[in-house]
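Read through the structure below, which is laid out as structure tokens, and then see the notes.
In listed order, ligands and their atoms are each counted from 1. Atom set for the values below is all heavy atoms of this structure, side chains included, hydrogens, waters and symmetry mates excluded. In this text the structure is predicted, and so the values were computed from the model without any measurement.
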Amino acid sequence: MSKMNAIRTSGLHYIYADGTVALSDVDFEVKHGEKIAVLGPNGSGKSTLFYHFNGLIKPSRGEVQIFDERISKNNIDDIRKRVGLVFQNADSQLFCHTVLEDISFGPRNIGLDQGKIENRVEWALRRFNLEQFARKNPANLSAGQKKRVAIAGVVAMEPDVLVLDEPTTGLDAGGITDTMELLDELNNEGKTIIMSTHDSDLAAGWADRIYVLNKGKVFGSGIPGHIFANEKLITEAGLKHPVIVSTFREFKARGISKGELPLSVLDLMESLDTKIMNIRCAIASCDIQAGDDVSIRMKDGMLVAEKCPGNVIGKAVSDGKKGEDIAVKDVCGDLVALTGQITIIRVPGIIEGGSRAVHMEKVQGILEKNKGRKIGAMGTSAKVLTGKMGIRCDFEFDVAQSGILAALRGFDVIIFVSGRMADRVLEKVKGRNIKHTSFVL
Ligand SMILES: Nc1ncnc2c1ncn2[C@@H]1O[C@H](COP(=O)(O)OP(=O)(O)OP(=O)(O)O)[C@@H](O)[C@H]1O
Ligand SMILES: [Mg+2]
């Protein structure tokens, strides 16, 4: 069964009072449960489009449907409960005297009773790591903190559809990762997420589908692989090609890479034509002369060439002193056998009780048996758990991909992951032929 539309516009035009045509003939469709990025340069109409989604402005022409209903006086209150809009500028959203009041505003406004409001606000403060700011005046927070409060206030209303206008602008690397991870978590819990950005790299790695907007028009839409494969579309829309995509095009032009367009470092690595790559660079573990038979192994995440026999062998191309980079040709043997293992530990998601539902002894036991591994945590409850247990994490950003890349470099890895996100990580690991085990806490 095809999923229902969360939001649909057809032939949407919007003209501002001064005559500026901000949107023209926009057809836009989002199925319930999708993760959509609206990608466009400054002034392309992203914010104007989003204002239509909860009835802040009315189309000059065309129509907007929310869950298959046109917005009208009769349903506008209901629509504002179902569609939560986080403004581009946090200052236009925050107006109370304390963070606590600001986050309570939305839930109160949609008519929840006091007990429910308190629960949700407490939960949102915790989830967004804002407890220490609860009594502070939002006007005195940093730009990144304000942004977090604005998102928390909307999430606290528990809308079915979350619309975020440039949620990562002004956030630092940690803030961006946290925000994107949180959006993934909410999506896994069944929410539809629509966000705008002008960051091609961000959209490429995150969205199920992308709409490219320019000068108020839809330039294209589709899955990220399809959108970024269209070089002309991206250039003409005034956007940047993702770094991975530009790198791949260079590699491909030089005959090193092949196949489908990669959108992550991991996919880029897999685009390398390993069959013709029977020449490798490695660090000499002792003085080596050109023509020497050497073996290659993985050590501390790097390839090392040595003279004792091993599974992967080849011939040194040039002389190299101990510690220098050398090239090894005619490489044969199974490099995959050099990869490490991944242990996936599923931590109950927030809606399943979170880290409080976990027996610490069980975690201690697993860690005892797996000493010396690289560790990463993704998702709120996984991060809370590792934080509570004082476990130092090696990966902070892009944990699933970082873990797989580390395993491919020979490290053994543990990934703590919240709730249903664990299934996605497991799928990714399985797809890479990496030895793995998983535990459910
Ligand atoms: N209140 C307004 N009155 C007149 N024109 C406006 C108004 N708000 C926006 N515009 C114009 O409408 C167009 C689309 O603006 P919009 O804010 O939707 O773009 P955007 O894609 O969100 O840009 P940005 O990336 O800078 O946030 C722009 O040309 C802008 O100048
Ligand atoms: Mg905008």
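Within the cation-pi definition used here (under 6.0 Å to the ring centroid, within 45° of the axis), R346 does not qualify as a partner of F439.
Using cut-offs of 30° and 60° on the angle between ring planes, the pair F50 and F53 is tilted. Between F105 and F95, the angle of the ring planes goes over 60°, which puts this pair in the perpendicular group of the 30/60° scheme.
Residues E185 and S418 meet the side-chain proximity criterion, which asks for heavy atoms closer than 4.5 Å. Put simply, the side chain of M269 does not reach to within 4.5 Å of the side chain of L408, judged on heavy atoms. Side-chain contact between Q401 and K428 is absent, with no heavy-atom pair separated by less than 4.5 Å.
If you look at the Mg ion (ligand 2), the protein N, O or S atoms less than 2.8 Å from it are S47 OG, Q88 OE1.
For ligand 1, residues of the protein lying within 4.0 angstrom by heavy-atom distance are Y16, D18, T20, A22, P41, N42, G43, S44, G45, K46, S47, T48, Q88, E166.
Of the N and O atoms on the side chains of K215 and S44, not one donor lies less than 3.5 Å from an acceptor on the other residue.
The existence of a salt bridge linking E189 and R127 is confirmed by a sub-4.0 Å separation between a basic side-chain nitrogen and an acidic carboxylate oxygen. Taking 4.0 Å as the cut-off between side-chain N and carboxylate O, D394 and R392 count as a salt-bridged pair.
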